[in-house]
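In what follows, a structure is listed as structure tokens, so that the remarks can point back to it.
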Number of protein chains: 2
Amino acid sequence: MPATIRDIAKKLNISVSTVSYALNNGPRPVPDHVKKKVFDVAKELDYRPNRIARSLITRRSRTIGFVLEKPEHNIFLGPYVQLIVNGVINACEDHRHDLLLFAQHGAVSQEEFVNQLLDGRADGLVFTCGESLLPIIEEVHQRGIPFVVVGAGAPPYSHSFQADNDLGIEQAIDHLADLGHTKIGFVRGNATHGDAIHRLSAFRRTMSERGLAVHSDWVWEGNFTVESGESALASYLSLPEKPTAIIAANDEMAIGVLRKARAEGIEIPQRLSVVGFDDSPHTQGLYPGLTTIHQPVSEIGSAAAHGLFQLIDERPTDQPSFFPTRLVVRASTAAPTKEPNNHEIK
Amino acid sequence: MPATIRDIAKKLNISVSTVSYALNNGPRPVPDHVKKKVFDVAKELDYRPNRIARSLITRRSRTIGFVLEKPEHNIFLGPYVQLIVNGVINACEDHRHDLLLFAQHGAVSQEEFVNQLLDGRADGLVFTCGESLLPIIEEVHQRGIPFVVVGAGAPPYSHSFQADNDLGIEQAIDHLADLGHTKIGFVRGNATHGDAIHRLSAFRRTMSERGLAVHSDWVWEGNFTVESGESALASYLSLPEKPTAIIAANDEMAIGVLRKARAEGIEIPQRLSVVGFDDSPHTQGLYPGLTTIHQPVSEIGSAAAHGLFQLIDERPTDQPSFFPTRLVVRASTAAPTKEPNNHEIK
DNA sequence: CTGAAAGCGCTTACAG
DNA sequence: CTGAAAGCGCTTACAG
């Protein structure tokens, strides 16, 4: 049986309150010689404070929760989630908190899941933004516990932290237009994902603002995976009239496009230019390099967590919440020099 | 003020025990009509069970902890950690637990950190293996709370889950030897990391078993990052006699070797063969492909977590704890065809 | 200055 | 069958 403050108090013939104040260094003063004895006995008994008991009273766990977007196995494999969590963890370290990953979104009912989010283990929550989370965010909001949302498409009442998707898509289109492209395709992300939705509508809007046509044949479904990028390129191949450039809503899908293009013998960037979105670290190691839109994902995660800590402490939030993107030109884009339609389909 | 079971009991004029048994569906039977009333009032009051209070009594939080190996910012960016966490999260979902990431290893004293690990928020702990964790594992072990260790170099009393590093290094060496290489270099990982230490000694041993010489000039320090692979290749360049092949203790460093080799105009694999270790997913997307040793990192994480759940439940552990590796041949290895020493150093 | 006591929100032996 | 009560390990008003 682990030792408690009662054991320490008994051993020293003093009250538990004195022990408590001694161990916590306040708020009530305790004479140094008493304090010393308390610490000595604590060490002797291998006393460890029980934070559960403390939390029950203080209503603080010094832990924040992270809610994964989708109830999918292997959700953790995406570079985006990894970067966000990395940023959140960094902020937690700075702020002396720990991070609880809720793992049961896919395994229990929504009611039970919300109960878990609100069961006292976390002082506040970081949501990633996906449609499946919206009703959950709503319930959490009703409850009044502090939360923040990472990504586009958060409810208006929430504190959200996101990249400037509009700017990013403009940068991608303008880069391609500057190179002389007029026929530009788009691989979209999950229809349930806030950023994906945002980037698609930014694509449509910016294209028409620039006087460029958007063919519905040139917009492909995707789900942020390499595989969905590959199948986008597969259907590109069967088009009678092909775009000379493709923007993918994230790097993974851009990699899929590149990979499939390579397999099909389509020269990149001579015959087809490809732009990604994210500039995630492992894309940076790709050869030949991928032209992409950089967004500071880890910093967004950090800012979100710091914002959450401010909400928890009922301080005003002074964190930046809207992050500019940046075009990173590498080897996957160039002026269109070869006619894409001349390509032989096997 | 959130509602408690007392509020429900008061409203229905029944005892809190009945409410508790009703909400938990037992162990004491509660008549269905009472149960229904309890659930109705619970919903009406927006009652949410407080797991902190429950945990204080049951001494179970249905949460396990994950202890990161090193007190480094951006620790989460490594693909290895990501894969382990992914496997652990998957197991958590299966077992209806959540995962607490301890974030303060670098921010607080060791004593305070151990106190956090033992403060009741986690029912058991998953450690990754690094030297800095050994004294911490020792203290946790003394305390008697369930824990498992992922990776090589765990204390003998612990349940550890790891890849067969010896086999992996043998596979790498034998593959290169079969191609005709006799001069093989090695980029080692952090000197404080269990797997890194293990792979290096496996390299030395297997080389000598195969009658191949190990030059100390051909073993480079590394720290599992791309950059350290690059600097290994930089010092390779200045060697009077160069190996024809390099094994890196993980994929990141192998990527660094490849990248630097490309920058220096060294033809891969004609002039230099490179073998990695891990076969992490984003390596799989590399072009040209990296020959590497596959280890099932995510499965190891899953098995470790499942093992931990069995320890927590005091059941016998039946999880596999030693995982075979597998050679994956891609484009970075071939028979040595060009003399490496002929290469011009700029 | 310090101790005795109430209480955080639950679970669960103990009575009736 | 169900209620009253003890208690988990702490914090913190309340007395003295």
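Computed over heavy atoms, backbone and side chain alike; hydrogens, waters and symmetry mates excluded. Reminder, nothing fancy here: chain letters follow the sequence lines and each chain counts from 1.
Nucleotide D:dG9 holds its P atom 12 Å from the CD1 atom of A:I57, rounded to whole Å. Rounding to whole angstrom units, CG of residue B:L12 and P of D:dG3 are separated by 10 Å. Atom CZ in A:R6 sits roughly 12 Å away from atom C1' in C:dA4 (whole-Å rounding). When the C1' atom of D:dC10 is taken as reference, atom CZ of A:R60 falls 17 Å away, rounded to whole Å. Residue B:D119 contributes atom CG, which lies 12 Å from atom P of D:dT11 at whole-angstrom precision. The nearest whole Å value for the distance from the CD1 atom in A:I8 to the P atom in C:dG3 is 14 Å. Atom CD1 in A:I52 sits about 11 Å away from atom C1' in D:dC10, given to the nearest Å. The CZ-P distance, from B:R121 to D:dC10, rounds to 14 Å in whole Å.
Taking 4.5 Å as the limit, some side-chain heavy atom of B:I136 sits within range of a side-chain heavy atom of B:H105.
B:D123 has no carboxylate O lying under 4.0 Å from a charged side-chain N of B:R59, or vice versa, which leaves the two without a salt bridge. Electrostatic pairing of B:D40 and B:K36 counts as a salt bridge here, judged by a charged N lying under 4.0 Å from a carboxylate O. Checked for salt-bridge contact, B:D46 and A:R143 meet the test: a charged N lies under 4.0 Å from a carboxylate O. A:R48 and B:E139 are joined by a salt bridge, as a carboxylate oxygen and a charged side-chain nitrogen come within less than 4.0 angstrom of each other.
Closest to the side chain of A:N50, from the set D:dC1, D:dG9, C:dT2, is D:dG9. Taking only side-chain atoms of A:M1, from C-beta outward, the nucleotide of C:dC8, D:dA4, D:dG9 with the closest atom is D:dG9. Set against C:dG3, D:dT11, D:dG3, the side chain of A:I14 has C:dG3 as its closest nucleotide. Comparing C:dG9, D:dT12, C:dT2 against the side chain of A:T18 picks out C:dT2 as the nearest. Side-chain proximity of A:P31 to the nucleotides C:dT2, D:dG3, D:dA13 is greatest for C:dT2. Distance from the side chain of A:L56 is smallest for C:dG9 among the nucleotides C:dG9, D:dC1, C:dT12.
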TODO: For DNA chain D, just give me the dot-bracket, please: Watson-Crick or G-U, both distances below 3.5 Å, ( ) intra-strand, [ ] crossing earlier pairs, | paired with another strand, . unpaired.
DONE: |||.||||||||.|||

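At a threshold of 4.0 angstrom between heavy atoms, the contacts of B:R48 are confined to the sugar-phosphate backbone, with no base atom among them. Residue contacts for A:S20: at a heavy-atom cut-off of 4.0 Å it reaches a base atom on one of the strands shown.
Residue-to-nucleotide contacts include a donor-acceptor pair under 3.5 Å from the side chain of B:R28 to the base of D:dG3. Checked by distance alone, B:S17 brings no side-chain donor or acceptor within 3.5 Å of a matching partner on the base of D:dA5.
Nearer the 5' end of DNA chain D, as judged by each residue's closest nucleotide, is the contact made by B:Y21, out of B:Y21 and B:A53.
OP1 or OP2 of C:dT11 has at least one side-chain nitrogen or oxygen of B:R54 nearer than 4.0 Å. Residue B:S15 places no side-chain N or O under 4.0 Å from the OP1 or OP2 atom of D:dT2. One finds a side-chain N or O of A:Y47 lying less than 4.0 angstrom from the OP1 or OP2 phosphate oxygen of D:dC10. Residue B:R59 has no polar side-chain atom (N or O) positioned under 4.0 Å from OP1 or OP2 of C:dT11.
Take B:A191 and apply the side-chain contact (heavy atoms from CB on, under 4.5 Å) test, not counting sequence neighbours, and it matches B:R188.
The CG atom of B:D119 sits 10.0 Å away from atom OG of A:S61, with the distance rounded to the nearest 0.5 Å.
Residues B:F224 and B:A196 come closest through the heavy atom pair CZ-CB, 3.7 Å.
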